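Report on the following structure.
Bear in mind that the values here come from a model prediction, so they are computed numbers and not experimental data. The first residue in the sequence is number 1, and the count goes up from there. Heavy-atom basis, side chains included; hydrogens, waters and symmetry copies ignored.
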Amino acid sequence: MTSGALFRLSQAQTYYSYHGMQDRDADIALQKYKPKMKWNSKHKILDIGCGPGDLTYNYLLPLIPSNGEMLGIDISPAMINYANSKYKDSRLNFEVMDISNPKVAEKYKLNFDSVFSFYCLHWIQDQRSTMRNIYSILKPGGETLLIFLATSPIYRLYELLAASPKWSPYMKNYRDVISPYHYSADPVSDIKNLMQSVGFHVKECFCTPTSYTVPSKQVLYKSIEAVNPFLSLIPEHMLKEYDQDWKEKMWKSNLCTLLETNEVTFKYSLITIYAYKPH
């Protein structure tokens, strides 16, 4: 999230085509929690880290009534431009915004019935400001459903690349794009304690080891390129070498597994939080 402004329009387009893992996990979470959540005739939803807007439009917008409202926000202008160009609905707006910025709470205080975020909050290092803002913009009794990465092989890949003298000048802030919970011995306690400290009542909070399989190496490469914020920092004449290097490091470090079917599988862990703001 903090590096979202570095994403290019081409990456927004690539992300739109190659984020099956994110779609799957969001759908699983919504199928589980949608029946548990409270809904009203003028429901207002915020989607944090909406990216290119497809998940907002296809998964969340159908949840609200005809006179409800939905706002999708993302720190990346490229993502928001893409979303605004592709998805039109009178109930839906997209806006460039950093959820960790204090101005968010000032602008949208007590404004939303539900706040969702899928695969965004691991980008944000200032978790306390973020959770405080989510709490502030929720109406009393409002609910939030958040899913984001605790660990991922891509974080190890960034560490390996940043340790290389060749790439370190372009990846000095690599820790800023690694989940704050990647190095945590107990991410569930860390995030639950944080949520409770800002006022939330946490109904469920857990971290699930899981895996995802893509149909080919090419799909895996595209999926990684879609979320790599450093591509825009690498000089153009070095991009081919960077491309070859990160792929070589990924396979040599066993960050994923090539199956006999030529599919590729990798493991990661996902934090899920379902909480509400008390009346």
Side-chain angles (χ1 to χ4, degrees), residues 1-7 26 29 33 37-40 42-51 53 55-56 60-61 63-64 67-81 83-84 91-149 173 176-177 179-181 187 189-205 271-279:
M1 188 81 169
T2 52
S3 60
L6 298 177
F7 283 115
Y33 291 102
M37 300 183 79
K38 300 174 183 177
W39 306 94
N40 62 65
K42 295 184 179 180
H43 210 80
K44 297 180 71 173
I45 291 178
L46 176 69
D47 182 22
I48 300 170
C50 63
L55 198 152
T56 314
L60 294 176
L61 190 62
L63 300 179
I64 65 174
N67 56 347
E69 296 179 31
M70 167 161 286
L71 175 64
I73 65 170
D74 201 286
I75 199 173
S76 167
M79 292 291 188
I80 293 300
N81 289 339
N84 276 320
R91 301 167 295 169
L92 175 63
N93 287 294
F94 294 103
E95 186 176 340
V96 176
M97 189 177 298
D98 177 359
I99 187 59
S100 66
N101 192 314
K103 292 182 180 179
V104 173
E106 298 171 11
K107 184 175 182 179
Y108 290 111
K109 187 174 183 179
L110 305 177
N111 196 65
F112 295 99
D113 298 288
S114 303
V115 173
F116 293 89
S117 184
F118 304 108
Y119 275 85
C120 167
L121 300 188
H122 49 259
W123 289 98
I124 305 175
Q125 296 303 309
D126 190 351
Q127 292 281 296
R128 178 165 294 277
S129 293
T130 298
M131 297 309 173
R132 189 184 295 122
N133 282 348
I134 294 174
Y135 186 87
S136 296
I137 64 181
L138 277 171
K139 299 175 183 177
E143 299 173 302
T144 186
L145 176 61
L146 314 170
I147 67 170
F148 53 94
L149 290 170
N173 68 332
D176 289 347
V177 300
S179 172
Y181 305 98
S189 293
D190 289 347
I191 187 62
K192 187 175 182 179
N193 290 339
L194 174 58
M195 296 285 285
Q196 290 174 334
S197 72
V198 300
F200 278 106
H201 284 200
V202 179
K203 291 185 176 182
E204 295 185 39
C205 181
I271 295 172
T272 300
I273 304 165
Y274 175 40
Y276 72 96
K277 179 178 182 174
H279 288 279

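You'll find the side chain of Ile191 reaches within 4.5 Å of the side chain of Leu194, heavy atoms only. Two residues are said to be in side-chain contact when any heavy atoms from C-beta on lie closer than 4.5 Å; Cys205 and Met195 fail this criterion. By the 4.5 Å heavy-atom criterion applied to side chains, Ser129 and Asn101 are not counted as neighbours. Taking the side chain as every heavy atom from C-beta outward, Ile45 and His43 approach each other to under 4.5 Å. Within the 4.5 Å cutoff, the side chain of Val198 has heavy atoms near those of the Arg128 side chain. Side chains of Tyr274 and Glu143 form a contact here, defined as non-hydrogen atoms less than 4.5 Å apart. The shortest distance between side-chain heavy atoms of Glu204 and Tyr33 falls below 4.5 Å. In this structure, Tyr108 and Asn133 have side chains that are not in contact, with every pair of non-hydrogen atoms separated by 4.5 Å or more.
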Using the rule given for side-chain contact (heavy atoms from CB on, under 4.5 Å), can you reason through Phe118 versus Leu55, listing the C-alpha separation, both sets of side-chain angles and the distance that settles it, and then say yes or no?
CA-CA 9 Å; Phe118 304 108; Leu55 198 152; 3.4 Å; yes

So Ile124 and Ile75, side-chain contact (heavy atoms from CB on, under 4.5 Å) or not? Walk me through it.
CA-CA 11 Å; Ile124 305 175; Ile75 199 173; over 6 Å; no

Could you walk me through whether Met131 and Leu146 pass the side-chain contact (heavy atoms from CB on, under 4.5 Å) test, one step at a time?
CA-CA 10 Å; Met131 297 309 173; Leu146 314 170; 4.0 Å; yes

Decide yes or no on side-chain contact (heavy atoms from CB on, under 4.5 Å) for Glu95 and Lys107, but give the supporting numbers first.
CA-CA 13 Å; Glu95 186 176 340; Lys107 184 175 182 179; 2.6 Å; yes

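In terms of modelled atom types and a separation under 3.5 Å, the side chain of Lys277 and the main chain of Leu138 share a donor-acceptor contact. A donor-acceptor pair under 3.5 Å links the side-chain atoms of Asp113 to the main chain of Lys44, judged by distance alone. One N or O on the side chain of Asp74 and one on the backbone of Gly51 form a donor-acceptor pair closer than 3.5 Å. Using modelled atom types, one side-chain atom of Gln127 and one backbone atom of Leu121 make a donor-acceptor pair closer than 3.5 Å. In terms of modelled atom types and a separation under 3.5 Å, the side chain of Thr144 and the main chain of Val115 share a donor-acceptor contact. Here the side chain of Asp176 pairs no donor or acceptor atom with the backbone of Gln125 at under 3.5 angstrom.
The two residues Ser117 and Asp47 make their nearest non-hydrogen contact at CA-OD1, 4.2 Å. Contact detail for Cys50 and Gly72: the closest heavy-atom pair is SG-C, 3.6 Å. When all heavy atoms are compared, the tightest approach of Gly49 to Cys120 is CA-SG, 3.6 Å. Residue Thr272 comes nearest to Ile147 through the heavy atom pair OG1-CG2, 3.6 Å, listed as atom of the first residue, atom of the second, then distance. The heavy-atom pair separating Thr130 from Ser100 by the smallest distance is OG1-CB, 3.4 Å. Contact between Tyr181 and Pro187 at its shortest, heavy atoms only, is CB-CB, 3.9 Å.
To the nearest 0.5 Å, atoms CD1 (Ile273) and NZ (Lys203) are separated by 14.5 Å. Interatomic distance, Ile99 CD1 to Ile137 CD1, rounded to the nearest 0.5 Å: 4.5 Å. The structure places CZ of Phe116 at 6.0 Å from CG of Leu145, a figure rounded to the nearest 0.5 Å.
Ring-plane geometry between His201 and Tyr276 is classed as perpendicular, the angle between the planes exceeding 60 degrees on a 0 to 90 degree scale with a lower cut at 30.
Results of the side-chain contact (heavy atoms from CB on, under 4.5 Å) test with Phe94 over Leu71, Ile73, Thr56 single out Thr56 as the only residue that passes.
Residue Lys38 qualifies as open at atom NZ: its count of foreign heavy atoms under 6.0 Å is 12 or below.
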